[in-house]
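The structure appears right after this line, and notes come after that.
First the proteins, then the strands, lettered A, B, ... as listed; each starts at 1. What you see is a predicted model; the values in this text were computed from it and never measured.
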Protein chains: 2
Amino acid sequence: MDRRQKKTREAIFAAFTSLLAEKSYHQISVQEIIDAADIGRTTFYAHFETKDYLLKDLCEELFGHIIDTAMGLPSGHYHCTCGSAEDSVFLHLLRHLQENDRNILELLSSENNELFLSYFKSNLKKLIVSQYAEKGMLKENGLPEDYLVNHISATFVETVSWWLSRNRKESPEEMTEYFLTLMHPIIGE
Amino acid sequence: MDRRQKKTREAIFAAFTSLLAEKSYHQISVQEIIDAADIGRTTFYAHFETKDYLLKDLCEELFGHIIDTAMGLPSGHYHCTCGSAEDSVFLHLLRHLQENDRNILELLSSENNELFLSYFKSNLKKLIVSQYAEKGMLKENGLPEDYLVNHISATFVETVSWWLSRNRKESPEEMTEYFLTLMHPIIGE
DNA sequence: AATAAAACCGAACAATATGTTTTGTAACAA
DNA sequence: TTGTTACAAAACATATTGTTCGGTTTTATT
């Protein structure tokens with residue numbers, strides 16, 4: 001890939017995330033992104049068709065990366081290590097989030113965070129399917145599988161959101177315990 | 001209230017919901033609402049400061065009404081009637097939703113429904129607090145109360161959303177069973 | 001080092017949306 | 001009937017969007 005393209009793309013992403021830290025997505029105009037990134041108007045539209053596609057690409061990068069690193073992990077949960085949640089995928093995700101790579105926490109805890117949370121959730125579903133559903137680690141209780149997958153993803157996203165809204169007072173280990181308590185009737189070996 | 005005001009307000013709401021049935025919130029311009037409602041530009045701004053406030057007022061009316069009718073109900077759940085979920089507040093909500101008053105289902109199942117779902121959720125929280133939390137109907141398991149309230153609300157909204165995305169193939173009774181299965185470790189007497 | 005391809009810039013453009021102002025008319029409540 | 005209020009129509013400044021054009025700089029390749 002051309003060095004210029006990469007540089008421009010990064011500049012747009014940087015400007016965009018910077019703006020997202022101070023105002024909500026819909027309040028940001030393309031013009032502002034252009035000014036903040038210090039690029040030409042034509043250049044922006046050469047890279048991204050619309051503002052929505054820019055958001056999509058950014059989220060794909062951010063959440064795709066996090067989910068990918070968790071994909072290879074063992075999907076064990078707290079039962080495996082006698083009460084602790086040490087090797088849970090969810091604990092890994094929380095720890096990874098806490099590193100605040102690329103200011104991802106700013107986005108997830110911003111005022112109008114529904115957009116980011118929904119991207120997070122849709123990426124998370126893939127992980128749940130491959131790590132739990134396809135490995136038969138969901139308890140048999142008569143509920144449709146996609147309903148369960150959706151519920152697990154949604155609940156984890158809500159857990160993260162709640163955690164952030166309280167400024168991460170709890171440790172990732174504690175939050176994993178919270179989450180797994182709620183998941184108790186569903187996830188098991 | 002002046003007859004004219006009421007009429008105009010209703011016309012705007014009707015035009016707005018009609019437009020929301022065919023395109024997403026952010027794709028709708030104030031101009032379109034004005035044209036569809038067949039009113040003057042000035043009139044719109046006399047009623048609503050911005051498009052966001054219009055949305056807020058509409059949701060307040062729609063969800064406020066549904067939540068209010070459920071407020072007075074007994075908060076019993078399936079244990080009370082020997083296995084059935086007959087007198088659950090949640091069953092009542094699902095039945096009420098199914099009547100599709102004011103095309104509320106169109107909104108909740110539209111393409112970009114995060115906005116409506118989040119309004120639904122925030123109204124639902126009040127109900128959960130008054131019907132469950134304040135009556136001590138949440139099981140003691142070491143989790144913070146507001147975390148539980150948020151989880152119950154979020155899960156119910158997700159359940160409704162999943163139900164609608166599958167064109168309501170399941171009955172309200174069945175969906176209540178699904179939901180209460182997930183809530184089993186949390187809600188109890 | 002020379003060259004062709006590309007990415008970029010700046011300016012301008014039409015089209016559309018926003019929110020306000022003004023002036024006049026019609027409907028309402030008392 | 002009378003004073004008040006809601007509405008309409010038109011115009012307005014301002015801002016944003018997405019595109020087009022000509023020209024410049026950087027890049028990869030030979």
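Rounded to an integer number of Å, the gap from B/I34 CD1 to C/dT20 C1' is 12 Å. The distance between atom NZ of A/K51 and atom C1' of D/dG18, rounded to the nearest whole Å, is 14 Å. Rounded to whole Å, the distance from CD1 on B/I33 to P on C/dA17 is 12 Å. The CD atom of B/Q27 sits 15 Å away from the C1' atom of C/dT16 (whole-angstrom rounding). When the P atom of C/dG10 is taken as reference, atom CG of A/D38 falls 8 Å away, rounded to whole Å. The distance from atom CD of B/E49 to atom C1' of C/dG19 is 11 Å, rounded to the nearest whole Å. The distance between atom CZ of A/R41 and atom P of C/dA14, rounded to the nearest whole Å, is 15 Å. B/M1 places its CE atom 14 Å from the C1' atom of C/dC28, with the value rounded to the nearest Å.
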Practice prompt. Please test B/K121 against A/E158 for salt bridge (Lys or Arg N to Asp or Glu O under 4.0 Å), starting from the C-alpha separation and ending with a verdict.
Written response: CA-CA 12 Å; B/K121 184 184 149 195; A/E158 286 290 336; 3.0 Å; yes

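Remark: the A/R4 side chain and the D/dT27 base include no donor-acceptor N/O pair separated by less than 3.5 Å.
Residues A/R9 and B/E32 both approach DNA chain C. Their nearest nucleotides, taken by heavy-atom distance, put A/R9 toward the 5′ side. DNA chain C is contacted by both A/A46 and B/I28; A/A46 maps to the nucleotide lying nearer its 5′ end (nearest heavy atom per residue).
B/T159 and A/Y147 are linked by a side-chain donor-acceptor pair at a separation below 3.5 angstrom, with hydrogens and angles left out of the test. Side-chain N/O atoms of B/D52 and B/Y25 include a donor and acceptor closer than 3.5 Å.
When the side-chain nitrogen and oxygen atoms of A/H47 are compared with OP1 and OP2 of C/dA7, none of them lie within a distance under 4.0 Å. Look at B/T43 and you won't find any side-chain N or O under 4.0 angstrom from OP1 or OP2 of D/dA6. Note on B/Q31: every side-chain N or O is 4.0 Å or more away from OP1 and OP2 of C/dA17. Taking only side-chain nitrogens and oxygens, B/T42 never comes nearer than 4.0 Å to OP1 or OP2 of D/dA9.
Side-chain atoms of A/R3 lie closest to D/dA28 of the nucleotides D/dT26, D/dT17, D/dA28. When distances are taken from the side chain of A/Y45 to each of D/dG18, C/dG19, C/dC8, the shortest belongs to D/dG18. Picking from C/dC28, C/dA7, C/dT18 the nucleotide with the shortest atom distance to the side chain of A/Q5 gives C/dA7. Picking from D/dG18, D/dT27, C/dG19 the nucleotide with the shortest atom distance to the side chain of B/T50 gives C/dG19.
Ring centers of A/F179 and A/F90: under 6.0 Å apart, within the cut-off. For A/Y119 and A/F63, the distance between ring centers is not under 6.0 angstrom.
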